[in-house]
Amino acid sequence: MKYILALAATFMLSVKAASLEPRAEIGEALMMYGYNPPRVNPEYCVGFSIDYPTTPGLVFEHGSIQQLKWSVDENVTSAPDIITRIRILNSTQHNQFIIGENMTLFRDSNTGEAIFPLDVQDVSGLYHYRIMVNYVGTTVHCVYESVPFTILQNPFKKYFTGGPAAVVVPKPYELYSLVLDDSYVNQA
């Protein structure tokens with residue numbers, strides 16, 4: 001009898017659990033751009049290529065100055081006109097760092113580059129670049145990803161994992177004049 005009652009109670013609890021409302025999503029599930037799954041580009045996404053880094057197995061130290069290079073084929077019929085965003089994603093496709101947004105595509109004829117500090121504040125591991133390119137007259141961005149590379153954190157510094165993606169903000173600086181003005185006159 002106890003066995004039948006226990007079985008009935010288990011059945012009633014499972015029916016009750018199945019009828020519960022799904023829990024509200026919190027945290028990363030609400031982040032619109034937190035998770036960036038790989039996708040297939042539309043057929044007009046041709047002619048753009050990442051020129052550096054292209055060799056797998058590269059290792060960069062956190063805080064080092066890095067370079068990302070790309071090129072566009074000269075004979076492409078519909079060329080891209082702007083890079084809408086460059087990100088660094090971790091191995092689980094989560095956004096870690098935004099290098100730049102709405103960037104000029106070309107620096108020399110059909111090539112371009114971005115030079116930036118590698119300021120990823122997360123654990124040492126595999127990361128890769130994701131470049132979102134806009135083609136003239138289209139509404140869907142084309143997405144290109146680099147080969148994976150390793151970022152090594154300094155083991156002697158403290159850092160926090162997770163959190164929102166960082167954005168490169170140029171550090172403010174002052175221009176100094178080499179010409180003496182009245183404030184430098186000896187008042188003795």
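Below, all heavy atoms of this structure are taken into account, side chains as well, without hydrogens, waters or symmetry copies.
Under a 3.5 Å cut-off, the side chain of Asp73 and the backbone N or O of Asn75 do not form any donor-acceptor pair. Gln153 contributes a side-chain N or O that, together with a main-chain N or O of Val120, makes up a donor-acceptor pair within less than 3.5 Å.
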Audit row: Asn134, Asp81, side-chain contact (heavy atoms from CB on, under 4.5 Å) steps and yes/no: CA-CA 6 Å; Asn134 187 40; Asp81 62 345; 3.6 Å; yes
Evaluation steps, side-chain contact (heavy atoms from CB on, under 4.5 Å), between Val143 and Ile131: CA-CA 6 Å; Val143 175; Ile131 302 177; over 6 Å; no
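Cys142 pairs with exactly one of Thr84, Asn41, Val46 by the side chain to side chain contact (heavy atoms under 4.5 Å, CB included) rule, that one being Asn41.
Between Ile82 and Asn102 there is a side-chain heavy-atom pair separated by less than 4.5 Å. With a 4.5 Å cut-off on side-chain heavy atoms, His62 and Gln121 count as touching. Using a 4.5 Å cut-off on side-chain heavy atoms (C-beta onward), Gln93 and His128 make contact. Ile83 has its side chain out of reach of Glu101: every pair of non-hydrogen atoms, C-beta onward, lies at least 4.5 Å apart. Taking the side chain as every heavy atom from C-beta outward, Trp70 and Tyr144 never approach each other to under 4.5 Å. The shortest distance between side-chain heavy atoms of Val140 and Tyr44 falls below 4.5 Å. Two residues are said to be in side-chain contact when any heavy atoms from C-beta on lie closer than 4.5 Å; Leu118 and Ile65 fail this criterion. In this structure the side chain of Leu68 never reaches within 4.5 angstrom of the side chain of Asp51, judged on heavy atoms.
Taking the six-membered ring where the residue is Trp, the centroids of Tyr129 and Phe149 are separated by under 6.0 Å.
Note that the CD atom of Gln96 and the CG atom of Asp122 stand 4.5 Å from one another [nearest 0.5 Å]. Here the straight-line distance linking atom NZ of Lys69 with atom OG1 of Thr54 works out to 10.5 Å at 0.5 Å rounding. Here the CZ-CD1 distance, from Arg130 to Ile86, works out to 13.0 Å after rounding to the nearest 0.5 Å. Remark: Glu74 CD to Asn110 CG distance equals 4.5 Å, nearest 0.5 Å.
A single hydrophobic cluster is not seen to contain both Met132 and Phe116; linkage of ILVMFWY side chains at heavy-atom distances under 4.5 Å, directly or through other members, places them apart. Residues Leu126 and Phe97 do not share a hydrophobic cluster, clusters being chains of Ile/Leu/Val/Met/Phe/Trp/Tyr side chains in contact below 4.5 Å. Note: the hydrophobic cluster containing Tyr127 also contains Phe60 (ILVMFWY, side chain heavy atoms under 4.5 Å, direct or indirect links). Connection of Ile50 to Met103 is established within a shared hydrophobic cluster, with ILVMFWY side chains joined at heavy-atom distances below 4.5 Å, either directly or through further cluster members. With hydrophobic clusters built from ILVMFWY side chains whose heavy atoms lie under 4.5 angstrom apart, Val76 shares a cluster with Phe106.
Neither side chain, Ser71 nor Thr111, offers a donor N or O lying under 3.5 Å from an acceptor on the other. A donor-acceptor contact closer than 3.5 angstrom links the side chains of Ser64 and Gln66.
Applying the 6.0 Å contact sphere to CD of Gln67 captures more than 12 heavy atoms from other residues, nucleotides or ligands. Enclosure of atom CD in Glu61 is not indicated, since only 12 or fewer non-hydrogen atoms of other residues, nucleotides or ligands lie within 6.0 angstrom.
Pairing each heavy atom of Tyr135 with each of Pro80, the nearest pair is CE2-CD, 3.5 Å. Across every non-hydrogen atom of Ser146 and Pro53, the tightest pair is CB-O, 4.2 Å.
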